[in-house]
Enquirer: 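The structure follows.
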Number of protein chains: 2
Amino acid sequence: METALPKFDSVFSIDCVIFGFEAGELKILLIERNEEPFKDWFALPGYIVEQDESIDDGAKRILYELTGLRNMPIKQLHTFGDVNRHPQGRVVTIAYFALIRISGQKDLTPITQYAKKAFWHPVKDLPKLAFDHTTIFETAFRRIRRRLNYQPIAFDLLPEKFTLTQLQSLYEVIQDKKLDKRNFRKKMLSYGFLKELSEKQKGVSYRAAKLYKFDRRKYNKIFQNELNIQTTE
Amino acid sequence: METALPKFDSVFSIDCVIFGFEAGELKILLIERNEEPFKDWFALPGYIVEQDESIDDGAKRILYELTGLRNMPIKQLHTFGDVNRHPQGRVVTIAYFALIRISGQKDLTPITQYAKKAFWHPVKDLPKLAFDHTTIFETAFRRIRRRLNYQPIAFDLLPEKFTLTQLQSLYEVIQDKKLDKRNFRKKMLSYGFLKELSEKQKGVSYRAAKLYKFDRRKYNKIFQNELNIQTTE
DNA sequence: ATTTAATGGTGTAAATCTCACACCTTATCT
DNA sequence: AGATAAGGTGTGAGATTTACACCATTAAAT
């Protein structure tokens, strides 16, 4: 038996749901905890916020310390504040989420001892997570599913240069439904914010596809008039 | 000079942005504070959460105590956690919002001494508010503006029986643009969730309009298949 | 009784968007 | 050369969106 853990009196923590896309699968970042409670469990990267940092800054710092990912473009998701969500007392957690390129990231090395490791795990077939982290994940997943329809978030998950097939399969994975190839391409290209490159895909054992880039400047120009693109929420 | 206020060490508060519609104007509920800091200022109804209540419960309690409104259907908006947003120390605030019927509410009497009074104020021409409450309001307003396009939130603001003109003018006020009368009516009626009553408007000095009701059961039946209607976020 | 003022209530046609649907092309591998 | 695997393309039907103007009804004023 271990000694009782200290009790918290009203603290806030951050938990991050970081999405990535790799090998045709949507994944999130998990850590393996190295601390009680829930020692050795898998969990979302999260920790307690300091007194003298904003929650946004804290979220970035915590994500960095637990996973080695610096300065990620995270956004606030939702705050979870049930009385008994944390066994050590009153811990209200502010959840953040981000969609990032897995490919561009070096290794995931926790800077602190609180996590043994950090790793990508497919969202299909997630293990049981510590605390109420499964609920937090589900909230985040619902959010990006909806948001996919009105914000260009897919491009954050893809490599800088991507094929239309990759883009389509990402949409299919997030929304869990098949899309029609011709209609999908027609629509995507009609927006006018995809830049066709002269390069082609490499290293595939079949006809190589054209590569495209997302042109954010054009996107902003096109959609600046449409009612309030939300950027921080 | 007054004595220094006590310093807070990591507490959470709730602030509520409660929208109403009256006399053709969109309004929110404000209180006049009766406590330092910002004594005598106008502010969103808000206070500090207790140790033993969830943030959702706390939000309902606080709204009740400050305005006399019981058991409102509030939803979480966003959490504001800049370090210096509260002069007394670290107070992270979780903002909630709701859209309600002004007409059905009795008087707004604060139960606690912390507010001198509570009252409706048009969102056009809001006064300077305490803390970062202006920012919180703006976030809430952006949220409902967007949401109006995909959720039936307008009916929460209207009386139970309303005319199509009232409904249209509410849309126009929230989105700050004129809509075409024929197209608006055609579309609203095409959804099939408005029930035409046999009653007519009363007490107007011109031709009385037909009254309608929002039929939530029908709405749910019609939209149950459409990807995840978000209810709690 | 008539007029005025104010809002209620209605339809159509053009343009755009959405959706369903199938085959040839290109590159690589054997 | 043939097999394999994905790349890439167009059309027509139906639904939705948009622009647009006039008569009807009621109460109040004269």
Side-chain angles (χ1 to χ4, degrees), chain A residues 21 23-25 146 148-150 152 154 158-159 161-173 175-213 222-223 225-227, chain B residues 21-25 146 148-150 152 154 158-159 161-173 175-213 219 222-223 225-227:
Chain A
F21 183 61
E25 283 189 309
R146 289 212 68 150
L148 189 64
N149 291 313
Y150 53 87
L158 291 171
K161 303 169 181 183
F162 51 86
T163 69
L164 292 178
T165 301
Q166 283 165 356
L167 182 61
Q168 180 176 345
S169 91
L170 176 52
Y171 271 76
E172 289 178 341
V173 166
Q175 306 204 325
D176 195 24
K177 68 176 174 202
K178 290 296 276 177
L179 299 172
D180 178 85
K181 183 162 64 160
R182 277 179 290 191
N183 291 337
F184 181 81
R185 285 164 180 244
K186 200 186 331 163
K187 190 160 177 199
M188 274 296 158
L189 293 173
S190 77
Y191 290 134
F193 54 59
L194 291 184
K195 190 150 95 196
E196 184 179 331
L197 305 177
S198 44
E199 277 174 272
K200 294 203 164 176
Q201 213 176 8
K202 269 169 201 156
V204 290
S205 70
Y206 46 80
R207 175 176 176 186
K210 279 183 210 153
L211 290 169
Y212 290 82
K213 257 189 184 171
I222 296 167
F223 290 101
N225 298 319
E226 309 226 345
L227 194 58
Chain B
F21 184 61
E22 193 180 41
E25 283 189 308
R146 290 213 65 151
L148 188 64
N149 291 314
Y150 53 88
L158 291 171
K161 303 170 182 183
F162 52 85
T163 69
L164 292 178
T165 301
Q166 283 164 357
L167 182 60
Q168 179 177 344
S169 90
L170 177 51
Y171 271 77
E172 290 177 341
V173 166
Q175 307 203 326
D176 194 25
K177 70 177 175 202
K178 289 298 274 178
L179 300 171
D180 178 85
K181 183 162 64 161
R182 276 179 291 190
N183 291 339
F184 181 82
R185 284 163 181 244
K186 202 187 329 167
K187 189 159 178 200
M188 273 298 157
L189 293 173
S190 78
Y191 289 134
F193 53 59
L194 292 184
K195 191 149 95 197
E196 184 179 330
L197 304 177
S198 44
E199 277 174 273
K200 293 203 165 177
Q201 213 176 9
K202 270 170 199 155
V204 291
S205 71
Y206 47 80
R207 176 177 175 185
K210 279 183 210 153
L211 290 169
Y212 291 81
K213 257 190 185 171
Y219 175 84
I222 295 167
F223 290 101
N225 299 318
E226 309 226 347
L227 192 59

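Order of the sequence lines fixes the chain letters, A, B, ..., with proteins taken first and strands second; residue numbering starts at 1 for each chain. Computation of the quantities below employed the complete heavy-atom set of this structure, encompassing side-chain atoms and omitting hydrogens, waters and symmetry-equivalent molecules.
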Enquirer: Looking only at heavy atoms, what is the nearest atom pair of B:Leu148 and B:Ala154, with distance?
Expert: CD1-CB, 4.0 Å
Enquirer: Quick one: closest heavy-atom pair of B:Lys213 and B:Leu197, and the distance?
Expert: CG-CD1, 4.1 Å
Enquirer: Go through DNA chain D in 5' to 3' direction and return only the first and the last nucleotide with some atom under 4.0 Å of chain A's heavy atoms.
Expert: D:dA5 to D:dT11
Enquirer: Quick one: what's the B/S/- string for nucleotides 12-20 of chain C, heavy-atom cutoff under 4.0 Å, read 5' to 3'?
Expert: B-----SBB
Enquirer: Which heavy atom in B:Ala209 sits nearest to a heavy atom in B:Thr163, and how many Å separate them?
Expert: CB-CG2, 3.8 Å
Enquirer: Restricting to non-hydrogen atoms, name the atom on A:Gln201 and the atom on A:Arg207 that form the minimum distance, rounded to 0.1 Å.
Expert: OE1-O, 4.5 Å
Enquirer: Near DNA chain C, under 4.0 Å by heavy atom, which residues of residues 195-206 of chain A?
Expert: A:Val204, A:Ser205, A:Tyr206
Enquirer: For residues A:Gln168 and A:Lys181, report the shortest heavy-atom separation together with the two atoms involved.
Expert: OE1-CA, 3.6 Å
Enquirer: Mind listing the N/O atom pairs, protein and nucleotides 23-25 of chain C, below 3.5 Å?
Expert:
unit_1	atom_1	unit_2	atom_2	d
C:dT25	O2	A:Arg207	NH1	2.7

Enquirer: Output side-chain donor-acceptor pairs under 3.5 Å for residues 185-193 of chain A, partner residues at least two apart or in another chain, one line each.
Expert:
unit_1	atom_1	unit_2	atom_2	d
A:Arg185	NH2	A:Thr165	OG1	3.1
A:Lys186	NZ	A:Asn183	OD1	3.4
A:Ser190	OG	A:Lys187	O	2.7

Enquirer: So, taking the atom named CZ in A:Phe184 and the one named CG in A:Leu167, what distance separates them when rounded to the nearest 0.5 Å?
Expert: 4.0 Å
Enquirer: Are any non-hydrogen side-chain atoms of B:Phe162 and B:Leu194 less than 4.5 angstrom apart?
Expert: yes
Enquirer: Identify, with sequence neighbours excluded, every residue that meets side-chain hydrogen bond (donor to acceptor under 3.5 Å, both in side chains) alongside A:Gln166.
Expert: none
Enquirer: How would you label the contact of A:Thr165 with the nucleic acid (heavy atoms, under 4.0 Å): base, sugar-phosphate, or nothing?
Expert: sugar-phosphate
